[in-house]
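On a predicted model such as this, the values are computed, not experimentally measured, just so you know. Every chain is numbered from 1, with letters handed out A, B, ... down the list of sequences.
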Amino acid sequence: MTALNPDVIHTWLADFASQVHENAAWLTDLDRAIGDADHGSNLDRGMRAVDALDAASFADSAAYLKKAGMTLVSTVGGASGPLYGTFFLRVGGALPPDGEIRASQWGDAFEAGLAGIVQRGRAEVGDKTMVDALTPAVAAFRGAGDDVKAAWAAAATASAAGRDATVPLVARKGRASYLGERSAGHQDPGASSVTLLIESAARTLG
Amino acid sequence: MTALNPDVIHTWLADFASQVHENAAWLTDLDRAIGDADHGSNLDRGMRAVDALDAASFADSAAYLKKAGMTLVSTVGGASGPLYGTFFLRVGGALPPDGEIRASQWGDAFEAGLAGIVQRGRAEVGDKTMVDALTPAVAAFRGAGDDVKAAWAAAATASAAGRDATVPLVARKGRASYLGERSAGHQDPGASSVTLLIESAARTLG
Amino acid sequence: MKKLINDVENVVIDSLRGLELAHGDLVTVDYENRIVLRKGGPRAGKVGLLSGGGSGHEPMHGGFVGLGMLDAACPGEVFTSPVPDQMMAATKAIDGGAGVLHIVKNYTGDVMNFEMAAEMAAAESGVQVESVVVDDDVAVQDSLYTAGRRGVGLTVLIEKIVGAAAEEGRDLDTLVALAKRVNGQGRSMGMALTSCTVPAAGKPTFDLADDEMEVGIGIHGEPGRERRKVAPAKEVAEMLVEPILNDFDFGGGPVIAMVNGMGGTPLLELFIMYAEVHKILDKHGITIARNLVGNYITSLEMAGSSVTLLRADDDLLKLWDAPVLTPGLRWGA
Amino acid sequence: MKKLINDVENVVIDSLRGLELAHGDLVTVDYENRIVLRKGGPRAGKVGLLSGGGSGHEPMHGGFVGLGMLDAACPGEVFTSPVPDQMMAATKAIDGGAGVLHIVKNYTGDVMNFEMAAEMAAAESGVQVESVVVDDDVAVQDSLYTAGRRGVGLTVLIEKIVGAAAEEGRDLDTLVALAKRVNGQGRSMGMALTSCTVPAAGKPTFDLADDEMEVGIGIHGEPGRERRKVAPAKEVAEMLVEPILNDFDFGGGPVIAMVNGMGGTPLLELFIMYAEVHKILDKHGITIARNLVGNYITSLEMAGSSVTLLRADDDLLKLWDAPVLTPGLRWGA
Ligand SMILES: Nc1ncnc2c1ncn2[C@@H]1O[C@H](COP(=O)(O)OP(=O)(O)O)[C@@H](O)[C@H]1O
Ligand SMILES: Nc1ncnc2c1ncn2[C@@H]1O[C@H](COP(=O)(O)OP(=O)(O)O)[C@@H](O)[C@H]1O
Ligand SMILES: [Mg+2]
Ligand SMILES: [Mg+2]
Ligand SMILES: [Mg+2]
Ligand SMILES: [Mg+2]
């Protein structure tokens, strides 16, 4: 059991925002190779807007996360805007009321977030997208039992493995799919940023 | 005294044409620095057209040279087309009838050619143009006495010196004048090609 | 990176300001919602036409707002699709009671953002919204399991033709059917001699050696399907036209042909390309009834060219010839 | 060198072929004499308008042949003025009995070749020929002892305005006076972010470091007056506009303003430049009555921009607004 409240959410989002900011050039470089060289700046723009939200102004964590999702939808654009936006909207919608929260409840919420991404983007594992990093993360979280801290750590490890596994893949979704065989040998930018998200969660939500 | 006839003229023009062709890239490079990177290709295009003229088809040297001048006017364009064209037109117009020709008669003809260039282009010595190489060449030829061979040799030397003297000058005519002070330190392309012309004359008309 | 910009953050807004100052007789810019609107507000009874996408493709789309073409355009950041808020605001602003048609290029981002906007607009405002997705790029293999073909040059032609039909007063369903028909019978393919530099990225999206080109590129500076040795215009034209002809049966023409520049290729070269495209089509017995040669859908300063062919008929040609008065395309008015 | 061409020898002819194929309704190309002619032959009683110059500046001049602008254009080799034979043939072809006006940009080569053509045309055909020399580039110090100022962007505006006046039926002397008047009250200045490559030369005319630009360039890839560090659009606009305003008193406007691209700079950036130019003129109390933003007089694929300002009045604005129908400029028709 850990606590769920806007302050905790704020710590998580702020950590992710700073990770994205620090890694923006790297994410854009990954996107340069098999995309259009904007994933880092897109997400950075969005997370700076999220970071500017006032945690104290939200009634609860759900409202905060929904607003974060809407903010991403409204500021990011591209493929990652609706996907990341939907993710936070769904996580916010699936969380229990503020207070104590169990690992399984975090698991439910992240599963809902993942489902939102899949519903919007229709990608499957193996398509070389963020889904490749998020799906194993959620599964590992689920499989890790009741210790929230251990579950986040397992999720982060699984996410990183999923991200690394995108390297040899030929993309079937997103911009990288236009490259056909030439997309193989490059790490997916979205899978890379999702791993930053899970690692942030592991640092702040455990 | 040397001979004047279309064959002699042909030898001269053919030699100059091949010099221009061999040096086209160099002339264009000189023009790249202070002009628009076309002097070599301009003159090469023109002299190839002149070289394609049939020497046997002309009644005399004058007709041949006038046709060469017209050919340059019609094929070169830019500044050098009318200038080189006028030069050959005037030289052709000022030569004595075919037969034996004295150094002073060559001198008259080249002086007429130079006058044509000055009339068209209104450049003076020191403006950093072909006039800087042609004027001393004509003067040296005039001053060299009756030995045609020696006179051409003197003209070639003087022309090269005039060409070299263009390096430090700030251009006042032609495209290089747009560069102002930045034109100093570069050799004028037109003065360089004129020196090739005089050197060809020294090789073939002496 | 060398660009005539003030700072990378404000490239899009600064450019919109110039567009409005230069063409204030035709368009207004709503800076808050970041949309380019046709001057004079919505036309009662006329279907509103909206398109949008990442910036960096100018004159598309903002330059195609005006009589006989779009009612509004939503410019995103450079090469980044706009966000649903822009599209929703634009949709509401241009509805004249006859509904709004979204013309969407087939990119995951564009499609998802437009989808969200349509859902929101329907829920919030009751405006009837339909969408048509353009996917004309034969460089990309189409398949149920992929993101599908990109929307590229044909978008310009669809905006012109459907814009003329909307101006005539055709209704939303008719326009949807028309847009789909045009999309079904047009194809494009592009190539690049150089990459381009996204301002925020600060360096070229890809590196090409002095003797290399990318064939099968899109319009976002993405690398193409294949890297090849540079070739004469004649051969480049073949590399672009043949895949188009292999993909769709133009059945002897007539066609509307566009030879488009990617932004950094001068008109001198585009006309050379057009002559070669014309020659190839001639050989195939296909007549070019109308043409566009120039920079219409670009990738920033990328050097390169794309070819778009659309099978035409009398209705399409009549719509093509109808007056158009926009910053980027203008005739008959 | 990477270009969409077939071979360096045929760049100009291949491109003219494309121009004619694309715009055969407006122009015809006489390949033997290498001239672009307005469709339909000379207009009886109308003064014929002829311009010409090196190629590589497209759409100028061939793209400005048509109703309300030029009757013919003589394209030279790339960056090389055309030869008198072309001008003579064109002069004869477009004479409708009211004489022919040559619009000549002030370059030694252009001036001398046009001079020879005028001498020949007068002697051979009796056509009445007048010439006007355009010299609007404030980057070059004017002086009796130099080649004088270059003719650059103002040429486009003169061709449009004098073209409209010729279309109205004004006579040769009136057109000469008008062209001189316009030349007297217009000024330009340009800059480059990159060089360009003359096809026959095969390598860039000059080299610029990644943080350098050339200020005070012409339109032939010549290096400029000064090499400077790259700067924001705002400052670049000042470097171009201030010398123009210092050179000529625009007395509070109105002006016709052109923000021109050198060929490799995308519209996105040109609109940013236009917004900055507008701001500066605003500060000086000068109103822009009309504008052109785009690639109108280019230097192959050079990246960069030039600004042209012309003091306008009612007569000039009326002529500016008159219909024009050419491959490169089109309105009201
Ligand atoms: N259909 C999809 N489903 C899930 N993720 C996707 C999909 N399409 C793209 N992505 C993810 O989005 C990332 C690219 O995001 P970004 O660069 O911001 O957007 P864009 O591709 O529009 O430029 C990809 O690396 C990929 O992980
Ligand atoms: N007014 C002039 N009088 C004499 N020579 C000139 C004049 N203007 C230019 N030139 C010569 O012409 C040369 C350039 O020729 P070219 O490059 O073929 O023509 P353009 O300058 O038109 O490109 C210069 O190097 C110079 O020697
Ligand atoms: Mg991207
Ligand atoms: Mg030159
Ligand atoms: Mg993008
Ligand atoms: Mg030249």
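The minimum heavy-atom distance between R175(A) and Y107(C), with the atom names listed, is NH1-CD2, 3.7 Å. Taking both residues in full, the closest heavy atoms of T80(C) and V76(A) are given as CG2-O, 3.3 Å, listed atom of the first, atom of the second, then distance.
With a 4.5 angstrom heavy-atom cutoff, M87(C) does not touch chain A via any of its atoms. Neither the backbone nor the side chain of D207(C) comes within less than 4.5 Å of any heavy atom of chain A. With a 4.5 angstrom heavy-atom cutoff, T28(A) touches chain C only via side-chain atoms. In this structure, chain C has no heavy atom under 4.5 Å from any part of A24(A). Contact annotation for S177(A): both backbone and side-chain heavy atoms come within less than 4.5 Å of a heavy atom of chain C. When heavy atoms are compared at a cutoff of 4.5 Å, A200(C) approaches chain A solely by way of its side chain, counted from C-beta outward.
Heavy-atom contacts from other residues, nucleotides or ligands closer than 6.0 Å to CD of E100(A) number more than 12. Remark: E124(A) CD is loosely packed, at most 12 non-hydrogen atoms of other residues, nucleotides or ligands lying under 6.0 Å away. Applying the 6.0 Å contact sphere to CG of D210(C) captures no more than 12 heavy atoms from other residues, nucleotides or ligands.
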Let me see the working for M116(C) and V73(A) under side-chain contact (heavy atoms from CB on, under 4.5 Å), right down to the final yes or no. CA-CA 9 Å; M116(C) 292 187 97; V73(A) 167; 3.9 Å; yes
Under the criterion salt bridge (Lys or Arg N to Asp or Glu O under 4.0 Å), I'd like the reasoning laid out for R120(A) against E115(C): C-alpha separation, chi angles, the key distance, then a yes or no. CA-CA 9 Å; R120(A) 276 260 160 249; E115(C) 255 172 32; 3.3 Å; yes
R182(A) and E214(C): salt bridge (Lys or Arg N to Asp or Glu O under 4.0 Å), yes or no, with the steps? CA-CA 12 Å; R182(A) 285 178 79 184; E214(C) 287 277 339; 2.7 Å; yes
Pair M112(C)-T86(A), side-chain contact (heavy atoms from CB on, under 4.5 Å): steps then yes or no: CA-CA 11 Å; M112(C) 291 191 303; T86(A) 301; over 6 Å; no
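Between H220(C) and D38(A), every side-chain heavy-atom pair lies at or beyond the 4.5 Å cut-off. Inter-residue side-chain proximity for K173(A) and T108(C) is flagged as unmet; no heavy-atom pair is nearer than 4.5 Å.
Panel note: side chain R172(A), backbone A147(C); no donor-acceptor pair is recorded below 3.5 Å.
Y178(A) carries R150(C) over the face of its six-membered ring, with the cationic atom under 6.0 Å from the centre and within 45° of the normal.
The greatest number of non-hydrogen atom pairs below 4.5 Å with chain C, out of G35(A), G78(A), G40(A), is found for G78(A). Residue with the most contacts toward chain C among A33(A), G81(A), G174(A): G174(A) (heavy-atom pairs, distance under 4.5 Å). Of the residues considered (G218(C), G53(C), P204(C)), P204(C) shows the highest number of contacts with chain A, using heavy-atom pairs under 4.5 Å. For the set V198(C), N113(C), V140(C), the entry with the most heavy-atom pairs within less than 4.5 Å of chain A is N113(C). Comparing T205(C), V78(C), D85(C), I217(C) by heavy-atom pairs within less than 4.5 Å of chain A, the highest count is held by T205(C). Ranked by heavy-atom pairs under 4.5 Å with chain A, the list R227(C), E77(C), K203(C), Q86(C) is led by K203(C).
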